[in-house]
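As structure tokens, the structure follows; a few thoughts come after it.
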Amino acid sequence: MEHLPRMLEQTAIIVSNKRDTDSYFRLVLRAPQIAPLIQPGQFAHVRILPLKEALLRRPFSIFQVAGDTFSILYKTVGKGTDVLSRMSAGEELSVIAPLGHGFTVPPVGGEIPLLVAGGYGMAAMFLLAQRSPQKGIVFVGGRRRVDILCEQEFAALGWEVRATTEDGSHGEKGLVTQPLLAELRTPHSALRTFKLFACGPTPLLKAVGKLAEDFNLPAELSMDEHMCCGTGVCLTCVIPVKAGESWEYQRTCTEGPVFDSRQIFWEGVK
Amino acid sequence: MEHLPRMLEQTAIIVSNKRDTDSYFRLVLRAPQIAPLIQPGQFAHVRILPLKEALLRRPFSIFQVAGDTFSILYKTVGKGTDVLSRMSAGEELSVIAPLGHGFTVPPVGGEIPLLVAGGYGMAAMFLLAQRSPQKGIVFVGGRRRVDILCEQEFAALGWEVRATTEDGSHGEKGLVTQPLLAELRTPHSALRTFKLFACGPTPLLKAVGKLAEDFNLPAELSMDEHMCCGTGVCLTCVIPVKAGESWEYQRTCTEGPVFDSRQIFWEGVK
Amino acid sequence: MNLSVKIGKLTMPNPVTVASGTFGYGAEYARLIDLNQLGAVTVKGIRLNPVTGNPTPRTAETTSGMLNAIGLQGPGVDGFIKKYWPFLKSLEVPTIINIWGTTVEEYAEVARRFDALGGVGALELNVSCPNIKAGGAQFGTDSTLLAQVVTACRQATTLPLITKLSPNVPNIALFAKVAEDAGSDALAITNSFPAMAIDIQTRRPKLANLTGGLTGPAIKPIAIKLVWEAAKAVKIPIIGMGGIQHADDAIEFLMAGATAVAVGTANFYEPQTPLQVIAGLREFMLRKKIHDVRELTGSVQTAK
Amino acid sequence: MNLSVKIGKLTMPNPVTVASGTFGYGAEYARLIDLNQLGAVTVKGIRLNPVTGNPTPRTAETTSGMLNAIGLQGPGVDGFIKKYWPFLKSLEVPTIINIWGTTVEEYAEVARRFDALGGVGALELNVSCPNIKAGGAQFGTDSTLLAQVVTACRQATTLPLITKLSPNVPNIALFAKVAEDAGSDALAITNSFPAMAIDIQTRRPKLANLTGGLTGPAIKPIAIKLVWEAAKAVKIPIIGMGGIQHADDAIEFLMAGATAVAVGTANFYEPQTPLQVIAGLREFMLRKKIHDVRELTGSVQTAK
Ligand SMILES: Cc1cc2nc3c(=O)[nH]c(=O)nc-3n(C[C@H](O)[C@H](O)[C@H](O)COP(=O)(O)OP(=O)(O)OC[C@H]3O[C@@H](n4cnc5c(N)ncnc54)[C@H](O)[C@@H]3O)c2cc1C
Ligand SMILES: Cc1cc2nc3c(=O)[nH]c(=O)nc-3n(C[C@H](O)[C@H](O)[C@H](O)COP(=O)(O)OP(=O)(O)OC[C@H]3O[C@@H](n4cnc5c(N)ncnc54)[C@H](O)[C@@H]3O)c2cc1C
Ligand SMILES: Cc1cc2nc3c(=O)[nH]c(=O)nc-3n(C[C@H](O)[C@H](O)[C@H](O)COP(=O)(O)O)c2cc1C
Ligand SMILES: Cc1cc2nc3c(=O)[nH]c(=O)nc-3n(C[C@H](O)[C@H](O)[C@H](O)COP(=O)(O)O)c2cc1C
Ligand code: FES
Ligand code: FES
């Protein structure tokens, strides 16, 4: 039988739920059984109990873990996140977590991580940065200044942060892959080996996958697919993954969300 | 064209929402346009906005009116009233009111009203008692002590209150019609003419209708039918009403909820 | 910006009407909304003679929907003309009269009577009511009977004829085509779905009629599919309905292939819905720079 | 208190199973609930060979429901036996295997293979999937094809056969009877309803497959009616499903005529649902002094 990672369902109490920038919010949840199990890149599947007419849970990357709490950093984009943003400390959510196959934390003395994040993709990468023995660089991009999240937190870990915005309102103007490309082209000592880690919208992941191929670097990508069950039973969240000569669908919620870039059958990814 | 009473739709702010006895609550709503229009026996059709999965409004008799507010006295019996009971001051409800054809307030020097109420039926009768020029007697019945509502308020109006409970925990033990029957059998001066007004479950209304017939008294009954639109369009809430030799269905929400007992085609009432 | 649409020779000033049976005879909601803002007023189903309807309870709430088995209570043609027509005639917007019968001849006779009345906007043939023994869905689920009813009404009137199809068939396209071929000017899709709810405490069905029709937001995805299927099969316009609560829902029906839409169950809980839908549609068109609402009809992109 | 029921010769320790396709192959949710508490585990549909399924997006949320067009992705008979059967076989409760094919012969072959496997609780014939071109609802909406499929499978296996009917017919009783007469031991009612949703911003259907099947609480009243109609027409037991969220919903299905029930969509948002339903059913029986769950089946009072 296939390997299935451990997960729990728990009623989590909201510790705080505060606006970060613009339409982004930080939610801290008390979930004592879940918090200690969390690995970087895993997600929580959240049932927003006061949500009307809509049944399904919403998936969110786990941002930070502290004691018996964990937090998420979310953007209000639709009815679920809108209702979530109006909830207050003390209210309850139902959470299934930790879910999915996350990032591989580099071993001591191993690769230097280059993180690439778009928007709330930053949330998925914090634990990785925190737990990586080597500090690396995080390339973060967004449309506007407000889309660049938690720079300080990464900086406080001793990481270098390179921000880009499409409108130039913060950091370099352009796409997040530009400074990354520049960095990759800079000659480095042979001892220094990089590994790419990315989370963000599919075009970003595609671009990072392409760079990984071009520079022959390993890359782990957290794929962005709509989910339903989040636990591997419904087969909603599949992406095409290479299998021998051909390809097969694998579940983002179970085999993913993090996949080795070389395993992805990119021709089949929309 | 038929006569249609005036009604308004308004967003009403909750002024207070407090437990009365047991599973009964008092809700005060600020609704400045609606409050002045209300007549005794009319009802409000309330959309409980946080209610999940259930679409329809809930009808409640209007209990009291004060300035730009009105109140209702409700019992938690199902999902709508349960959610309503958890709402707090400052939250909003959508209200369509005043609705329906209410009680006829006796003219000065006219009949002496004998009110008969079961459970939250008391709520429908307060405005009638308050606005009636003649004080009368209110017969109130319920299962247990906690089902006897707002006795003091009626007493404070100078009305006599005769309570009955089925378990004898308050007032006389038995059904509400027993003391009423005793009163009707007591010889009175010829000058004293009574009129019955009732609101409560259908068996109570049937019993009062029967007494009205036996004692040849006029009676106005507030009929208890499930509603959907509350405004006369859907034809959910009909009861059989005499029409010539035969009968026809009339709408409780529009022609009623208050009907002249003699008009009701009782054989057709379930 | 053009919002007007044509249903046969009937021009609706905008594509939003109300669903038969959810708006009484117009006057009731005139107390809450300005009827002259609507695309048309559609009234409760009328047959030749007065109808008592079913015993109560007649409706029950379900998850994001409701059941009804009103049983087409109504005043009959004469009662309607006397009691409700003077008001409806006085409106600036057209009236669509929903009609039914228990025989082909009765349908045709009702059509003739309304044709003779003058001033009626269109007739909607209800061949899909699940709540009456004869004359309801029976005509809507048998393609031969459907052709007969439409043909007979076509002969009886020059008024625009809208055939309100039954959703309860495996192939709606077939029935859509039958109605079109028999001379229907338009289709209305969809009526309610045969359904049931049981009170587990009393073990009794929640409706006195035992079963009823399911309507409301719950059914919208099924209705969208039916409209899309039918629109591919016919050239005549479709009035789409089933669970419309917001402008977005109405736009979805238009994109699926509807030319106009009707707000039904939502009227019961939010009588402002039709006006909110019109306002939201306007705003959507402004935002998307769409100048004619007819551009939306059937505009769903289905190339895989 | 007896909770056990029989589906053909299969004994379920209690009447609550899960709906095919909403519970994977059992092991996934074994991490959250104790599978041995269920009446049976029903697995995702299997055909002879592996199936890739439809492109994404495959599901979309709707009002109190959801659409899916998974396209029956699966490992095929061999893949299933290798990958999932060892775990399922180790459970104390029976496994119901949902099977399908694109031809009558393929259905029969899959049935033969599982018959030969040994230890299977029952086979559920999926003749009602709306999301595949051949082999889905096609068999479920044509009574001749339905009879052929059931007959062929009946000849291929002595395992209990459950025919999962299509809801998309005007007369479910007819199809129920056809399945019974062809040798089906039980019926499963209902599968999802053909439906569609459009993203009005992109004008694209929300599913890559354009249309999908509607499931969840939204459809419950239609499912209850279908079970009630079918139960009046046949003597074989029915597994009722469609929108079950709470024990009350399950009891409603039993009263309508079901012998067992399946929890589907609710698993996705609340994996505890099947166990909550069993607990609630027990509590209801205690409160109402019902000693045998079979007393509930068909107990709705419909005398008018
Ligand atoms: C593995 C994973 C991790 C994620 N992490 C984060 C995070 O850390 N912070 C954050 O803000 N968002 C994150 N998202 C996206 C987040 O799940 C969606 O923004 C959210 O579900 C939107 O819900 P809604 O009700 O507000 O939107 P609606 O559009 O109303 O939702 C309708 C349906 O679509 C689904 N949906 C809509 N957008 C997305 C999306 N982008 N991805 C997946 N499903 C979607 C919803 O879950 C719901 O089922 C993540 C998604 C995945 C798959
Ligand atoms: C004219 C009128 C006046 C009323 N006045 C009062 C009042 O002053 N105080 C009070 O506590 N209650 C009153 N009721 C009853 C009140 O409407 C119901 O208790 C309430 O609708 C229950 O809603 P629920 O969601 O809690 O129950 P649920 O059982 O969950 O409701 C399900 C559906 O059934 C309907 N329903 C359930 N019970 C009744 C009922 N007894 N009458 C009508 N519809 C019902 C609901 O409106 C809803 O549509 C009145 C009813 C009517 C018709
Ligand atoms: C209470 C009620 C009464 C109805 N009466 C009629 C009717 O008389 N004639 C008719 O063709 N449809 C009737 N319908 C069906 C509606 O016109 C409409 O087709 C259906 O409700 C779907 O739209 P909705 O989901 O927006 O309500 C009725 C629906 C309801 C809820
Ligand atoms: C994602 C999904 C996948 C499904 N896959 C299958 C399947 O493989 N075979 C089948 O017979 N039914 C399948 N169904 C239908 C369910 O078994 C069930 O009949 C339907 O969902 C109604 O129940 P519900 O409303 O409780 O979900 C599927 C349903 C969903 C939502
Ligand atoms: S979301 Fe259900 S399998 Fe991944
Ligand atoms: S509740 Fe709709 S007509 Fe009375």
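Heavy-atom basis, side chains included; hydrogens, waters and symmetry copies ignored. Chain letters run A, B, ... following the sequence lines, proteins first, then strands; residues in each count from 1.
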Should we say atom CZ of B:Arg30 is surrounded by more than 12 heavy atoms from elsewhere, each under 6.0 Å from it? no
Side chain from CB out, backbone as N, CA, C, O: work out which of these in B:Glu248 comes under 4.5 Å of a heavy atom of chain C, or both, or neither. neither
Identify whether NZ of Lys or CZ of Arg in B:Arg26 sits under 6.0 Å from the centre of the six-membered ring of B:Tyr74 and within 45° of that ring's axis. no
Is there a side-chain contact between B:Asp147 and B:Arg144, using heavy atoms and a 4.5 Å cut-off? yes
Between C:Phe114 and C:Phe80, does the ring centroid distance fall short of 6.0 Å? yes
Quick check for you: among C:Thr265, C:Leu32, C:Thr59, C:Asn267, which has the greatest number of heavy-atom pairs under 4.5 Å with chain B? C:Leu32
Count the heavy-atom pairs under 4.5 Å between each of C:Gln272, C:Glu270, C:Lys44 and chain B, then report the option with the highest count. C:Glu270
Shortest non-hydrogen separation from B:Val105 to B:Pro40 and the atoms involved: CG2-CG, 3.8 Å
Heavy-atom distance under 4.5 Å between the side chains of B:Met87 and B:Leu84, does that happen here? yes
Under 4.5 Å from any heavy atom of chain B - which part of C:Pro55: both
Heavy-atom proximity to chain C below 4.5 Å, by part of B:Ile96: side chain
With chain C as the partner, which of B:His226, B:Lys270, B:Met227, B:Glu225 has the greatest number of non-hydrogen pairs under 4.5 Å? B:Lys270
For the candidates B:Ser94, B:Gly232, B:Cys237, B:Cys234, which exhibits the highest count of non-hydrogen atom pairs separated by less than 4.5 Å from chain C? B:Cys234
Check each atom of C:Ser64 against the heavy atoms of chain B and say whether the ones under 4.5 Å are side chain, backbone, both or neither. both
